[in-house]
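Report on one structure; see the data block that follows.
If you're wondering where the values come from, they're calculated on a predicted model, not measured in any experiment.
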2 protein chains.
Amino acid sequence: MARARLQDVAEVAGVSMKTVSNVVRGYVHVSPSTRAKVQRAIDELAYRPNETGRSLATGRTGLLALAFSDISIPYYSELARCVSTLARDRGYRVLLEQTDGTLEAERAIVSTSEAGLVDGVLFQPSILGSSEIARHRGDVPVVLLGEAQAPLSVDHVMIDNVAAARRVTTHLAGLGATRIAFLGHERSGLSPTSRVRLAGYQEGLEAEGLPVDTGLLIPSGAVSSASAAEAVTAALAEGLRFDGLVCRDDLAAIGALRALADAGIRVPEDVVVTGWDDVAMASFTQPGLTTVRPDLAALAGRALDMLEERIAGFDELGRHALVDFEVVYRGSAPALPTED
Amino acid sequence: MARARLQDVAEVAGVSMKTVSNVVRGYVHVSPSTRAKVQRAIDELAYRPNETGRSLATGRTGLLALAFSDISIPYYSELARCVSTLARDRGYRVLLEQTDGTLEAERAIVSTSEAGLVDGVLFQPSILGSSEIARHRGDVPVVLLGEAQAPLSVDHVMIDNVAAARRVTTHLAGLGATRIAFLGHERSGLSPTSRVRLAGYQEGLEAEGLPVDTGLLIPSGAVSSASAAEAVTAALAEGLRFDGLVCRDDLAAIGALRALADAGIRVPEDVVVTGWDDVAMASFTQPGLTTVRPDLAALAGRALDMLEERIAGFDELGRHALVDFEVVYRGSAPALPTED
DNA sequence: CTGAAAGCGCTTACAG
DNA sequence: CTGAAAGCGCTTACAG
């Protein structure tokens, strides 16, 4: 049996399509007897409204795209959880778009060859530059997440990465570290994320009067614990010595912890280590990881606020919002008495 | 300026809508000169086809729902990565649906109150029973993933959980463990996943002639490392002793490793431990985790095959497919000389 | 409170 | 190889 349409329900109930539509959408001004009659027809026909028809008529799909490189990276999966939950509360569903951090896929996010599928886009670029983002066609609202340089025309939410990197770096110095390395940026083609975190790291070193030494920068081949562990092992083999390690992200820190343990180097006795993101695993490493915790709920909430405003027609210059972060202290770089 | 429609392009190019549609969809039998004329109009108007209009006309949206409890659980995020990548190769996009493992949300997956949004559904139930799944309305194709009991009418893909649990249990016995505990099932309302893994665990114990003792079952409050760690710590405090530990999943195993280390119990010297899923973190615990690795690509690929067949109209009884798994040996329960 | 009709933006037999 | 027209399943002014 073919699926029932609104029209079928109207015929069975003996009313117009408009009235059925009113009942389906919960419009209040329908007389109880009409409503009951329509409801009976709906049940009888097992009618379910077709969302595509509705979307074409209203111009809205209730879909939001969430785009970033790779959902299997814990930070993104935790972000996706948060966005998805908050989006549902606002009546939206989330379409997953993975770019693998490729230029081609990131370009496709801001200038898709199709229209009308999603009402808005939440996008964390990995490598796409501000100017290319600015050139996007602008017919679907976009809010940018994360560290990428955002064009003036586009909304953007992030935490203050430079401040956070400075905080963890000075914390390591406060613990007595004098040779503080940085782990996990790209070997070439620095991502915006690495760029701002390195900037904060440098500021922290300078504030503490510690030398800034490019020999202390340990790049990694990929955003993964495996690449980071390899990089640390290789650096140690080449004779690099350090007593503090600021990691670009928790994945890198987890790899570093493993590589240091394998080399017989103790954390935090010999080297103090910080991560970034406070992913779930960060409390289960041994020792636990001191790390930067962004306020994910605020980040997702603020981004959704902005996106909904754009969807509703807001059409002024891009808003650039900062949300809070905190440093969570665990065994890899314990809190000082003055800290919490 | 309002967005251009197919009709606008047709007018500018001086051809019919049908011809524009042919060009847009890459239909071959269009004369080069007509194609060029149409392409010029498309570029001039910055025309992009509206997917909602197309969907309404074709009855397809190119969207697949991927439903499970929580995307921030590493197994699910790794599964989502795999499904999303394979789906794109087949021309589909993925809509994320989180159920939080609640009955209400799981029911909504199999009997949504709307239709027409997705062409098919990939669903890993956490608690929904076979009979409720069987009652689903059947107007959108569904393929079930994971351990839930599937109704005869519905396609289903999983690994042989009983066999895998038996394998890891006998492996621990082969390493000399005689008091092998199980960690991570629900305190009440056993999930299908826990049920089959416990069954294999019991079979393994019996095959080895080891006593089956309910005192060795350590339930956990949630699917998380934190709950598992708490449970192990509490069990140890109550005097439970064991020399082998089969964990329901890697998250539980990671929590166990932490709790055991905190209690001064060495792995693998005092207790040998196995996990399940081989999530990315499983190679970065200390020691690394011996664990069951399902063939995710085969799982996702087979499920998508089945779903595409259903979408194409296949309408027979449910197929129940098993895909491969392997046991990956790492430090927490090293391979025996005879194994690999 | 309810109805008849147009319209959202496409695709697709059917003709030619 | 191309065109005119109907139809996909809804919503929404506009009347009454």
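Residue B:T19 has no polar side-chain atom (N or O) positioned under 4.0 Å from OP1 or OP2 of D:dC1. Phosphate proximity of C:dT2 to A:S31: present, with a side-chain N or O under 4.0 Å from OP1 or OP2. When the side-chain nitrogen and oxygen atoms of A:S21 are compared with OP1 and OP2 of D:dC10, none of them lie within a distance under 4.0 Å. For the pair B:T52 and C:dC10, the criterion of a side-chain N or O lying under 4.0 Å from OP1 or OP2 is not met. For D:dC10, the OP1/OP2 oxygens have no side-chain nitrogen or oxygen of A:T58 closer than 4.0 Å. For D:dC10, one of the phosphate oxygens OP1 or OP2 lies less than 4.0 angstrom from a side-chain nitrogen or oxygen of A:Y47. Contact between the side-chain N/O atoms of A:R5 and the OP1/OP2 oxygens of D:dG7 is not found at any separation under 4.0 Å. Of the side-chain N and O atoms in A:S16, none sit less than 4.0 angstrom from OP1 or OP2 of C:dA4. Within the 4.0 Å cut-off from OP1 or OP2 of C:dT11, not a single side-chain nitrogen or oxygen of B:R60 is found.
Atom P of nucleotide D:dT11 and atom OH of A:Y27 are separated by 14 Å, given to the nearest angstrom. Look at CG on B:L45: it is 14 Å from P on C:dG9, rounded to the nearest Å. Rounded to an integer number of Å, the gap from A:L117 CG to C:dC10 P is 13 Å. Atom CG of B:N22 and atom P of C:dA13 are 13 Å apart (whole Å). In this structure, B:E11 atom CD and D:dA4 atom P are separated by 12 Å, rounded to whole Å. In this structure, the CD atom of A:Q7 is 11 Å from the P atom of C:dA4, given to the nearest Å. Atom CD of A:E51 and atom C1' of D:dT11 are 14 Å apart (whole Å). The distance from atom CD1 of B:I42 to atom C1' of C:dC10 is 14 Å, rounded to the nearest whole Å.
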Note to self: Pair A:S72, A:D70 - check side chain to side chain donor-acceptor pair (under 3.5 Å), show working.
What the structure shows: CA-CA 5 Å; A:S72 75; A:D70 178 351; 2.8 Å; yes
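Of the candidates A:V140, A:L144, A:L64, A:V121 forms a side-chain contact (heavy atoms from CB on, under 4.5 Å) with just one, namely A:V140. Considering A:V23, A:V38, A:V20, A:V15 in turn, A:V23 is the only one that fulfils the side-chain contact (heavy atoms from CB on, under 4.5 Å) rule with A:V30.
When the P atom is compared between D:dA5 and D:dC1, the two are found 24 Å apart, to the nearest whole Å.
The CZ atom of A:R81 sits 8.0 Å away from the OG atom of B:S69 when rounded to the nearest 0.5 Å.
By the 30° and 60° cut-offs, the orientation of the rings of B:Y76 relative to B:F68 is parallel.
Here the nucleotide nearest the side chain of A:N50, chosen from D:dT11, D:dC10, C:dG9, is D:dC10. The listed nucleotides are C:dT2, C:dT11, D:dG9; the one nearest the side chain of B:R25 is C:dT11. Considering only side-chain atoms of A:M17, the nucleotide from D:dT11, D:dT2, C:dT12 that sits closest is D:dT11.
Side-chain contact, A:R88 with A:S84: no donor N or O sits under 3.5 Å from an acceptor N or O. A:S130 and A:Q149 are not linked by any side-chain donor-acceptor pair at a separation below 3.5 angstrom, with hydrogens and angles left out of the test. Between the side chains of B:S31 and B:T34, at least one donor N or O sits under 3.5 Å from an acceptor N or O.
Within 4.0 Å of A:T34, counting heavy atoms only, lie sugar-phosphate atoms of the nucleic acid but no base atom.
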Taking Watson-Crick and G-U wobble contacts under 3.5 angstrom, with | marking pairs to another strand and [ ] crossing pairs, the secondary structure of DNA chain D is written |||.||||||||.|||
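The 5' end of DNA chain D is approached more closely, in terms of each residue's nearest nucleotide, by B:K18 than by the other of B:K18 and A:R54.
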